[in-house]
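Since the structure is predicted, the reported quantities are computational estimates derived from the model, not experimental observations. Order of the sequence lines sets the chain letters (A, B, ...), proteins ahead of strands, with each chain counted from 1. Side chains included, hydrogens not; waters and symmetry mates left out as well; all remaining heavy atoms used.
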Amino acid sequence: MKSVRADLPSDLPPAQRALVRVVASIPPGRVASYGEIASRAGLPGRARLVGRVLREAPEAWALPWFRVLRADGRLAFPPGSRAFREQARRLAAEAVLVVNGRVDLARHGWERDLDELLWGMGGDAK
DNA sequence: ACCGTGACGGTAT
DNA sequence: TATACCGCCACGG
């Protein structure tokens, strides 16, 4: 084996474990911002930690990392980059379209209070 | 121990 | 709407 960096969920610090749990619970077809993930995990203001965790997260965990975007709905990767295209592709597979490098949060956001208000029926967000 | 970096975010301009 | 700053914090050099 090489280094013992990011693996073993057992060694994972509580904070990071909480973040992983939240990311894993993002419903398919929905997206959430790094900041929202952090807040939901009880770590407000730690958005950067979310990015770090996702970067280090082993493939084996199969986390829905592609459902995590920046607060303004734009993908966190450089437009056109490999990761960017991959994320856009995976989102599209869930009917979440990326237009101009961004996703319409009001439409696909995990927390779409505004939408529920407008449509008067959020029969799934929770 | 200091410093630059980064899958971020909110505010001001 | 886009850019510039600044706060935040774990890491690696």
4.5 Å side-chain heavy-atom contact, A:Y34 and A:L49: no

Go through it in stages, so that I can follow the logic: the residues are A:H108 and A:L97, the test is side chain to side chain contact (heavy atoms under 4.5 Å, CB included), and I'd like the CA-CA distance, side-chain angles, deciding distance and then a yes or no. CA-CA 9 Å; A:H108 305 287; A:L97 300 186; 5.5 Å; no

DNA chain B-proximal residues of residues 81-101 of chain A, any heavy atom under 4.0 Å: none

Residue A:A71, side-chain heavy atoms: nucleotide from C:dA10, B:dG9, B:dC8 that is nearest: B:dG9

Taking atom P of C:dC11 as reference, at what distance in whole Å does atom CG of A:L49 sit? 8 Å

When A:V68, A:V98, A:L91, A:I26 are each screened for side chain to side chain contact (heavy atoms under 4.5 Å, CB included) with A:V31, the one that passes is A:L91

Lys/Arg N to Asp/Glu carboxylate O, A:E94 vs A:R90, below 4.0 Å: no

Validation row: A:Q87, A:L69 side chains within 4.5 angstrom (heavy atoms): yes

So, are A:E111 and A:R30 salt-bridged, with charged N and O less than 4.0 Å apart? no

Nearest-Å distance, CG (A:D72) to C1' (B:dG9)? 9 Å

Would you check if A:F66 and A:E86 make a side-chain contact, meaning some heavy-atom pair closer than 4.5 Å? no

Treating a pair as Watson-Crick (purine N1 to pyrimidine N3 plus N6-O4 or O6-N4) or G-U wobble (N1-O2 and O6-N3) with both distances under 3.5 Å, list the stems of 3 or more consecutive pairs that involve DNA chain B. B:2-6 with C:9-13, B:8-13 with C:2-7

With the side chain of A:R52 defined as its heavy atoms from C-beta on, choose the nearest nucleotide among C:dA10, B:dA7, B:dG9. C:dA10

Sidechain-backbone polar pair: A:R85 side chain, A:G80 backbone, donor-acceptor under 3.5 Å: yes

Nearest of C:dA10, B:dA7, B:dC8 to any side-chain atom of A:F77? B:dA7

Would you say A:S33 places a side-chain N or O within less than 4.0 Å of OP1 or OP2 belonging to B:dG9? yes

Protein-nucleotide distance (A:L54, atom CG; C:dA10, atom P), rounded to Å: 16 Å

For nucleotides 3-9 of chain C, read 5' to 3', which letter fits each nucleotide if B means a protein heavy atom sits under 4.0 Å from the base, S means only the sugar-phosphate is that close, and - means neither? ----BBS

Check the distance between C:dG12's C1' and A:R55's CZ and give it to me in whole angstrom. 10 Å

Find the distance A:E56:CD to C:dG12:C1' and express it as a whole number of Å. 11 Å

Nucleotide of C:dC11, C:dT1, B:dC8 approaching A:R70 most closely (side-chain heavy atoms): B:dC8

Could you tell me how far apart A:L75 (CG) and B:dG9 (C1') are, to the nearest whole angstrom? 17 Å

Does NZ or CZ of A:R67 come closer than 6.0 Å to the centre of the six-membered ring of A:W110, within 45° of the ring's axis? no

Electrostatic pair A:R70-A:D72, nearest N-O below 4.0 angstrom: no

Value rounded to 0.5 Å, distance of CG in A:L63 from OG in A:S25: 10.5 Å

